[in-house]
Amino acid sequence: EDGETSAAVTAVGKGDYEFKGWNDGRNDNPRTDLLTKDETFTALFAKFFILTYAAAPHGAIHGDAMQKVEEGTSGSEVEAVPDKGYHFVQWDDGVSTVKRRDANVIANKTYTAQFEADVKTFAVTLKKEGDGELKVTGIEESKLNAVPEGTELTAVATPTTGWKLKSLTAGTQDISTYGKFAVTSDIEIKAVFEKITSVEDAAFANVLVASNPFDSQLRILNGDLHGVYALLNAQGVVVRSGNMDAHEVMIETSDLTSGLYLLRLTAECGATKTYEILKQ
């Protein structure tokens, strides 16, 4: 009757379809109407899908992380936010933007934001005293001002003719044996070269004994030096001896006891030099 309220009517979807609203913009379901004339109201139905946005460890999702979206339409924008010390990499479907809004939704989907730790970088500076060349291998020279933490590099110090390497350090660490060092902070690599002033210095300028301390083997990198070597224990007893004919001599030391040893090198010219070395 004119002016009366209609009975309640409920719109019920079939199958995968759900009620989405009435054609006059109302969403109440069931609905009643106060009638003053004949009216036709149409119930609208659609499929809906769930968009889920998740964060892998070390990050979070800002925005509606679970969205119910009508088929063919767009979801709302979400953002992947990394924890302190981490940065966003990408979503697991390959999307590389931190913020995303998915359009034309036609299926249930879950997208996971991936994060990884920030990489700290440190500066490696080179300094030398005397005449010689100092360089670092394992990274381009132009990148020494930003070396990733934990990078292992090798310093190579080459004296010019008439000079020898006196010391090679990485910060306070002596790296003269192998030249290797790991970057864990800003660090200065310093090479000190000194002039060769005697026959002995000239004869042994390019000789390297490695490593010190030594373990199962001891190496003598003698370059062009020819002569003999003798390895003596702390009591002065010769425990190893031999010739230096090749450019490198390997001494087997696995059966020697730990402690201090002396390595005496004698060149063909008669010059001698003694090195203090330690067996681990």
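Below, all heavy atoms of this structure are taken into account, side chains as well, without hydrogens, waters or symmetry copies. Bear in mind the structure is a predicted one, so any value in this text is a computation, not a measurement.
Enclosure of atom CZ in Arg31 by more than 12 non-hydrogen atoms of other residues, nucleotides or ligands within 6.0 angstrom is indicated. Other residues, nucleotides and ligands contribute over 12 non-hydrogen atoms within 6.0 Å of the CG atom of Asp92. A 6.0 Å sphere centred on CD1 of Ile106 holds no more than 12 heavy atoms belonging to other residues, nucleotides or ligands. Atom NE2 of His247 sits in a sparse spot, with 12 or fewer heavy atoms from other residues, nucleotides or ligands closer than 6.0 Å. A 6.0 Å sphere centred on CZ of Phe41 holds more than 12 heavy atoms belonging to other residues, nucleotides or ligands.
In this structure, Thr253 contributes its side chain and Asp215 its backbone to a donor-acceptor pair below 3.5 Å. Looking only at distances, no side-chain donor or acceptor of Lys180 sits under 3.5 Å from a matching main-chain atom of Glu152. Checked by atom type and distance alone, the side chain of Asn104 never pairs as donor or acceptor with a backbone atom of Ser74 at under 3.5 Å. Side-chain atoms of Lys143 never come within 3.5 Å of backbone atoms of Val147 as a donor-acceptor pair (strictly under, hydrogens ignored). Here the side chain of Ser176 pairs no donor or acceptor atom with the backbone of Ser167 at under 3.5 angstrom.
Using a 4.5 Å heavy-atom cutoff, the side chains of Pro213 and Lys279 are not in contact.
Using a 30° and 60° split on the angle between ring planes, Phe19 and Phe45 fall in the perpendicular class, above 60°.
At a threshold of 4.5 Å between side-chain heavy atoms, the hydrophobic network of Ile, Leu, Val, Met, Phe, Trp and Tyr places Met244 and Ile277 in one connected group. There is a path of hydrophobic side-chain contacts, each under 4.5 Å, that joins Leu265 to Val249.
The cationic atom of Arg100 (NZ for Lys, CZ for Arg) lies less than 6.0 Å from the six-membered ring centre of Tyr111 and within 45° of the ring axis. In this structure, Lys68 satisfies the cation-pi test against Phe48, with its NZ or CZ atom closer than 6.0 Å to the six-membered ring centre and inside 45 degrees of the ring normal. Both the sub-6.0 Å distance and the 45° axial angle are not jointly satisfied by Arg240 relative to the ring of Tyr229.
The minimum heavy-atom distance between Phe88 and Ala80, with the atom names listed, is CD1-CB, 3.6 Å. Between Val78 and Asp64, the shortest heavy-atom distance links the atoms CG1-O, 3.3 Å.
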